[in-house]
Protein chains: 2
Amino acid sequence: MERRRVLEDDLGFLLTRASAMVVRSVNEALAPLGLRVRPYTVLSLACDEPSGVAQRRIAADMGLDPSQIVAIVDELENRNLVARTADPGDRRNKLVVATDEGRKLCDEARRLSEEVSDRHFAGVDPALLAEMRTVLGRMVFPESVNAAR
Amino acid sequence: MERRRVLEDDLGFLLTRASAMVVRSVNEALAPLGLRVRPYTVLSLACDEPSGVAQRRIAADMGLDPSQIVAIVDELENRNLVARTADPGDRRNKLVVATDEGRKLCDEARRLSEEVSDRHFAGVDPALLAEMRTVLGRMVFPESVNAAR
DNA sequence: TATTGTTATACTCTATAACTATA
DNA sequence: TATAGTTATAGAGTATAACAATA
C-alpha cells in the first residue's frame, strides 16, 4: 500500500472525514421525515427541555452563531414542530418549545439517527465508543467536565 | 446541570462538533500561509506521492466528488505549489505533483496543523488517541483494514 | 452599556448533471 | 462503452456586521 502516510494519522482529518460520512447518511435517513441534521438537532434540544430553550443556548450547544439558528427555528415553527414562547423572566429571550407533533417526529428521527450511528460503528468495542464519547464530549463542552449528571 | 440529555451521547453529533472545532482552528492556523484545510489536504496528498497523485485518487481519499478537486488544484497550481503532469501510462490521468516550493509550504502547514491537534487533544491518553485513529481510519478507509504498512 | 434575537451579505462547502478527451 | 478531468449551477453551511427590543 504505502499511501496516505501522513493524513491517515491526522486525527483532525479523520474526524472531518468521519463526521462528513455520518452527517451524509443521517441526512439521507432523515429525508423521509423532511428533516436534516441541523433542524433535527435544534428540535432535539427543544424536546430535551420541557420549559423550552433560549436560542442563544441552542447556538452555544451547536457551536454556531445565534444568527444561524433563526432560520432553522423559523422552519420548525412553520411546520408546527416547535413554538417560540416568551420567557416571563426575561422578555429578550424567546424560548423554543417542542409541540406534541414535534416530539413525535423527534422520537422517530432519533431512532433513525441512532440506527445510522450503530451501522457506522458496528463491531467497535462499546467500551472504546464510550471513551470516545468522553474525550469528544470534554473537547466540545469543556465547561461540563466534572458536572454532576 | 441535566441538559443535553441525548445529544451529549450522540457520537455523530460529537464528531460533527469536534471536527468543526478542529477545522476552524486549523483554518486559522494556516491563514498566514494562505492555505485552508482543503487545499492543504490536497497539497499534502501530492507531497506524499513523489510521482504524483491522480485527481480521482485525491477525491476518493478526501471523500469528495472529483469535480470539487479541480478548483483546489487550479489554485495550488497557480501558486506554483503543485503541477499537473501527464501520466505516460494513461493520458486521461493528470498526476498532481508537488513542487519544491509546495513541499516547503506543506512541511510548514503540517507543523502548524499538528500543533492545533495537539492543543485540542492535550491531556488525552495517547493510547486512546491511537485507538481512535484506528477506529476512525477503518471507518473512513474500510478497504485498507488489513493492509500491510 | 450589554444582551437577545433578527436581518443582510459574502463566502465556502456540498451535490449533481452534463460535457470532452482519452481508453 | 467506460473512465478522468472539467464546467456549470443550485443548495446548504459558515462567518460577520449591524439593528431593534429589552435588560
If I take atom [atom1] in residue [X] and atom [atom2] in nucleotide [N], what distance separates them, rounded to the nearest angstrom?
X: Gln55(A); N: dT22(D); atom1: CD; atom2: C1'; answer: 15 Å
X: Met62(B); N: dC13(C); atom1: CE; atom2: C1'; answer: 11 Å
X: Ile69(A); N: dT7(C); atom1: CD1; atom2: P; answer: 14 Å
X: Asp87(A); N: dA23(D); atom1: CG; atom2: C1'; answer: 12 Å
X: Ile72(B); N: dG5(D); atom1: CD1; atom2: P; answer: 14 Å
X: Asp65(A); N: dT7(C); atom1: CG; atom2: C1'; answer: 12 Å
X: Met21(B); N: dA15(D); atom1: CE; atom2: P; answer: 12 Å
X: Asp90(B); N: dA21(C); atom1: CG; atom2: C1'; answer: 11 Å

Could you work out which one of [options] sits closest to the side chain of [X]?
X: Asn93(A); options: dA23(D), dG5(C), dT7(D); answer: dG5(C)
X: Arg84(A); options: dG5(D), dT6(C), dT14(C); answer: dT6(C)
X: Arg38(A); options: dT14(D), dT3(D), dT6(D); answer: dT14(D)

So Leu64(A), base contact, sugar-phosphate only, or nothing? Heavy-atom distance under 4.0 Å.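 Touches sugar-phosphate only.
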
Most 5' of Ser67(A) and Arg36(A) on DNA chain C, judged by nearest nucleotide: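 Looking at the nearest nucleotide for each, Ser67(A) comes out on the 5' side.
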
Tell me the closest heavy-atom pair linking Ala59(A) and Ile69(A), and the distance in Å.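 Minimum heavy-atom contact is CB-CG1, 3.7 Å.
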
Output yes when Arg103(A) and Asp107(A) qualify as a salt bridge under the 4.0 Å nitrogen-oxygen rule, no when they do not.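 Not counted as a salt bridge, because no side-chain N and carboxylate O are separated by less than 4.0 Å.
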
Evaluate Arg91(A) against Asp87(A) for side chain to side chain contact (heavy atoms under 4.5 Å, CB included), listing each step before the verdict. CA-CA 5 Å; Arg91(A) 285 186 313 184; Asp87(A) 181 348; over 6 Å; no

Within less than 4.0 Å of OP1 or OP2 of [N], is there a side-chain N or O belonging to [X]?
X: Arg92(A); N: dT3(C); value: no
X: Arg24(A); N: dA15(C); value: yes
X: Lys94(A); N: dA21(D); value: no
X: Gln68(A); N: dT16(D); value: no

I'd like to check Pro142(A) versus Arg138(A) (side-chain heavy atoms, cut-off strictly below 4.5 Å). Are they in contact?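 Side chain of Pro142(A) against side chain of Arg138(A), heavy atoms only: no contact under 4.5 Å found.
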
Apply the test side chain to side chain contact (heavy atoms under 4.5 Å, CB included) to residues Arg84(B) and Gln55(B): give CA-CA distance (whole Å), side-chain angles for both, the deciding distance (0.1 Å), then the verdict. CA-CA 10 Å; Arg84(B) 282 180 171 96; Gln55(B) 296 188 191; 3.0 Å; yes

Residue whose nearest DNA chain D nucleotide is more 5′ - Asp74(B) or Ala20(B):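 Taking each residue's closest nucleotide, the earlier one in sequence belongs to Asp74(B).
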
Ignoring hydrogens and angles, answer whether the base of dT22(C) and the side-chain atoms of Arg91(B) contain a donor-acceptor pair closer than 3.5 Å.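 Answer no: no donor N or O sits under 3.5 Å from an acceptor.
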
